[in-house]
Number of protein chains: 2
Amino acid sequence: MTITHEAGERLMTPGEVAAMFRVDPKTVTRWASAGRIGSIRTPGGHRRFRESEVRTLLDGLTSEAHR
Amino acid sequence: MTITHEAGERLMTPGEVAAMFRVDPKTVTRWASAGRIGSIRTPGGHRRFRESEVRTLLDGLTSEAHR
DNA sequence: CTGTACTGGGGTAATTTGGGAG
DNA sequence: ATTGTCCAAATTACCCCAGTAC
């Protein structure tokens, strides 16, 4: 069957992710730059985030453990 | 792996490519015009994109996991 | 040939990017 | 150390309508 790779993921824009976390889009950009959240870029250089990963991160916030 | 011409290459419409990158179909058209992505024109002038190239693009532009 | 959906081109807002400073 | 804001430039999104795809 088909290898569900990146291609099958729903992607989100920086603004959408920012709205979910209630932070500034710039902050999301920094998370991406720091490698805290995976991101893929359009040929034009804009970032897109995987919806599944965003949700995972949001889940992780609930039972946070402050390493 | 080079710029080979595969006979059984599956082609994608601008709308399909746009959905994968989470962008507007017009944006994909701009990428083609700018030469950022290879495109093939139908006799009617509509663009078609190679699926292999699109996936390679998605894969290659997947930058994350830094630390 | 008819009909629906999608695409191409142009033009104009909105979003995103990157750096710098608070 | 993390975040929010300011700036200029680039990329992208949405509007129109005629033509193509099937």
Side-chain angles (χ1 to χ4, degrees):
Chain A
M1 48 167 279
T2 53
I3 39 200
T4 312
H5 212 67
E6 287 77 10
E9 285 288 345
R10 268 192 307 183
L11 302 178
M12 300 179 67
T13 64
E16 292 171 340
V17 177
M20 292 187 102
F21 282 94
R22 305 221 44 168
V23 295
D24 193 273
K26 182 82 169 182
T27 300
V28 179
T29 293
R30 294 180 199 203
W31 293 343
S33 297
R36 286 182 234 242
I37 181 174
S39 67
I40 73 178
R41 329 246 324 198
T42 66
H46 283 203
R47 295 186 184 82
R48 295 282 113 103
F49 304 89
R50 306 174 204 282
E51 196 242 5
S52 60
E53 188 175 356
V54 173
R55 276 195 298 181
T56 299
L57 288 176
L58 282 171
D59 285 345
L61 291 179
T62 55
S63 58
E64 111 134 70
H66 268 285
R67 57 130 182 187
Chain B
M1 45 324 188
T2 39
I3 35 131
T4 47
H5 255 302
E6 272 201 35
E9 181 61 83
R10 194 159 38 151
L11 299 179
M12 302 181 68
T13 64
E16 291 173 335
V17 178
M20 294 184 91
F21 280 93
R22 185 51 171 92
V23 296
D24 191 273
K26 298 294 191 182
T27 300
V28 179
T29 294
R30 294 198 199 92
W31 294 343
S33 299
R36 297 204 236 233
I37 181 175
S39 63
I40 298 172
R41 315 279 291 215
T42 66
H46 284 196
R47 285 181 250 264
R48 296 281 116 97
F49 305 89
R50 300 178 186 285
E51 185 193 27
S52 62
E53 186 178 357
V54 174
R55 279 202 291 183
T56 299
L57 220 44
L58 271 174
D59 238 41
L61 273 43
T62 302
S63 63
E64 91 296 295
H66 211 72
R67 77 161 43 164

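Everything numeric here is computed off the predicted structure, so don't read it as measured data. All heavy atoms count here, side chains included; hydrogens, waters and symmetry mates do not. Per chain, numbering begins at 1; letters A, B, ... match sequence-line order.
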Heavy atoms only, 4.0 Å cut-off, all strands: where does Arg47(B) land among base, sugar-phosphate and nothing? sugar-phosphate
Hphob cluster co-occupancy, Val17(B) + Leu11(B), side-chain heavy atoms under 4.5 angstrom: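 No; tracing contacts between hydrophobic side chains, which count when under 4.5 Å, never links both residues.
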Establish whether Ile40(B) and Val28(B) are linked, either directly or via other cluster members, by ILVMFWY side-chain heavy-atom contacts under 4.5 Å.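 Different hydrophobic clusters.
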Could you state the [atom1]-[atom2] distance from [X] to [N], rounded to the nearest angstrom?
X        : N       : atom1 : atom2 : result
Glu16(B) : dT7(C)  : CD    : P     : 8 Å
His46(B) : dA5(C)  : NE2   : P     : 16 Å
Ile37(B) : dT12(D) : CD1   : P     : 12 Å
Asp24(A) : dG20(C) : CG    : C1'   : 15 Å
Met12(A) : dT15(C) : CE    : C1'   : 15 Å
Phe21(B) : dT16(C) : CZ    : C1'   : 17 Å

Looking only at dG4(D), dG9(C), dT15(C), the nucleotide nearest the Thr29(B) side chain is dG9(C)
Which nucleotide in the list dG4(D), dC6(C), dT17(C) gets nearest to the side chain of Thr27(A)?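 When the side chain of Thr27(A) is considered, dG4(D) is the closest of dG4(D), dC6(C), dT17(C).
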Under 4.0 Å between a side-chain N or O of Thr42(B) and OP1 or OP2 of dA21(D)?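 The answer is yes; a side-chain N or O of Thr42(B) sits under 4.0 Å from OP1 or OP2.
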Respond yes when some side-chain nitrogen or oxygen of Arg41(A) is under 4.0 Å from OP1 or OP2 of dG18(C), and no when none is. yes
If you assign Pro14(A) and Arg30(A) each to the DNA chain C nucleotide with the nearest heavy atom, which residue ends up on the more 5' nucleotide?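 Checking each residue's closest nucleotide, the 5'-ward one belongs to Pro14(A).
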Would you mind telling me which residue lines up with the more 5' stretch of DNA chain C, Gly45(B) or Arg48(A), judged by nearest nucleotide? Gly45(B)
Can you give me the closest heavy-atom contact between Ser39(B) and Ala32(B), atom names plus distance? OG-CB, 3.8 Å
Contact nearer the 5' end of DNA chain D, comparing Thr13(A) with Pro25(A): Pro25(A)
Of Trp31(A) and Gly44(A), the one whose closest DNA chain D nucleotide lies more 5':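 It is Trp31(A), whose closest nucleotide lies nearer the 5' terminus.
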Met12(A) and side-chain contact (heavy atoms from CB on, under 4.5 Å): which partner among Met20(A), Arg48(A), Arg47(A)?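 Of the listed residues Met20(A), Arg48(A), Arg47(A), the side-chain contact (heavy atoms from CB on, under 4.5 Å) partner of Met12(A) is Met20(A).
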Starting at CG of Leu57(B), measure out to CZ of Phe21(B) and round the result to the nearest 0.5 Å.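 Result: 4.5 Å between the selected atoms.
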Decide yes or no, distance alone: a donor-acceptor N/O pair under 3.5 angstrom between the base of dG19(C) and the side-chain of Lys26(A). yes
